[in-house]
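Being a predicted model, the structure only gives us computed values, none of them experimental.
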Amino acid sequence: MVALISFKVADDKAVVDANVSISLNGTVYNTTNGLTLTAAGNTRTASLPGKLTANTNYVAVLSARDAEGEISNQTIYFDTFAASSLVLE
């Protein structure tokens, strides 16, 4: 099984592929280095397959810019530890 992170971007106007990216632990991914985008109308679904490593903490910043230049960023924190692994916080 290939682990991936995926998210959707929607706007009232078409979203340009070059305006969608994800930063994963400080490394920025876009369509030139691993981020894949699929389109349905004015919605883009972004997927980043094969970049997640087991037993790792992640900080992901999902980013999109619309046709008017407005930027939206969403930061998420997650890990890839097995559910059976004991994690103390």
Side-chain angles (χ1 to χ4, degrees):
M1 181 174 96
V2 175
L4 66 89
I5 185 169
S6 181
F7 62 99
K8 288 187 178 188
V9 176
D11 194 29
D12 59 339
K13 297 180 183 172
V15 177
V16 178
D17 288 353
N19 293 344
V20 179
S21 66
I22 182 172
S23 171
L24 194 59
N25 286 354
T27 301
V28 177
Y29 295 95
N30 52 43
T31 56
T32 63
N33 64 348
L35 187 68
T36 59
L37 296 172
T38 55
N42 292 340
T43 301
R44 295 287 183 272
T45 300
S47 298
L48 186 64
K51 302 296 182 182
L52 300 178
T53 305
N55 302 316
T56 304
N57 286 306
Y58 286 99
V59 177
V61 180
L62 317 175
S63 182
R65 183 167 36 99
D66 70 8
E68 284 82 33
E70 296 294 322
I71 297 172
S72 179
N73 294 314
Q74 180 67 45
T75 302
I76 58 173
Y77 303 88
F78 64 97
D79 65 58
T80 55
F81 292 101
S84 60
S85 296
L86 177 63
V87 177
L88 301 175
E89 295 185 25

Checklist line | Sidechain-backbone polar pair: Thr80 side chain, Thr56 backbone, donor-acceptor under 3.5 Å | finding: yes

Note to self: Taking ring-ring contact (aromatic ring centres under 6.0 Å, His included) as the cut-off, I'd like each qualifying pair that reaches into residues 31-80, sequence neighbours left out, listed once.
What the structure shows: Tyr58-Phe78

Next item on the list: Check whether any side-chain N or O of Asn57 sits under 3.5 Å from a backbone N or O of Asp79 as a donor-acceptor pair, and report yes or no.
Entry: no

Next item on the list: Measure the shortest side-chain to side-chain distance between Leu35 and Val20 over non-hydrogen atoms and say whether it is less than 4.5 angstrom.
Entry: yes

Check: Taking atom CG of Asn30 and atom CD1 of Ile22, what is their separation to the nearest 0.5 Å?
Finding: 11.5 Å

Checklist line | Validation row: Ile5, Ile76 side chains within 4.5 angstrom (heavy atoms) | finding: yes

Next item on the list: Taking all heavy atoms of Ala82 and all of Asn55, pick out the closest pair and write down the distance.
Entry: N-OD1, 4.1 Å

Notebook entry, point to check: Would you say Ser23's side chain and Ala60's backbone share a donor-acceptor pair under 3.5 angstrom?
Noted result: no

Next item on the list: Hey, could you give me the OG/CZ distance between Ser63 and Phe7, rounded to the nearest 0.5 Å?
Entry: 8.0 Å

Note to self: Looking at every non-hydrogen atom in both residues, tell me the closest pair between Asn42 and Ala14 and how far apart they are.
What the structure shows: OD1-N, 3.3 Å

Checklist line | Nearest heavy atoms of Pro49 and Gly34, plus distance in Å | finding: CD-O, 3.8 Å

Check: Taking Thr45 for the side chain and Lys8 for the main chain, is one N or O donor matched with an acceptor at less than 3.5 Å?
Finding: no

Item checked: Asp66 side chain to Glu70 backbone, donor-acceptor under 3.5 Å -> yes

Note to self: Within the 4.5 Å heavy-atom criterion, are Asn73 and Ile71 side-chain neighbours or not?
What the structure shows: yes

Next item on the list: Hey, could you give me each pair passing salt bridge (charged side-chain N to carboxylate O under 4.0 Å, His left out) that has a residue in residues 18-45? Not counting sequence neighbours.
Entry: Asp17-Arg44

Next item on the list: Please examine the side chains of Lys51 and Leu24, heavy atoms only from C-beta on, and report whether any two atoms are closer than 4.5 Å.
Entry: yes

Margin query: Is there a continuous path of hydrophobic side-chain contacts, each under 4.5 Å between heavy atoms, that joins Leu48 to Leu37?
Written below: yes

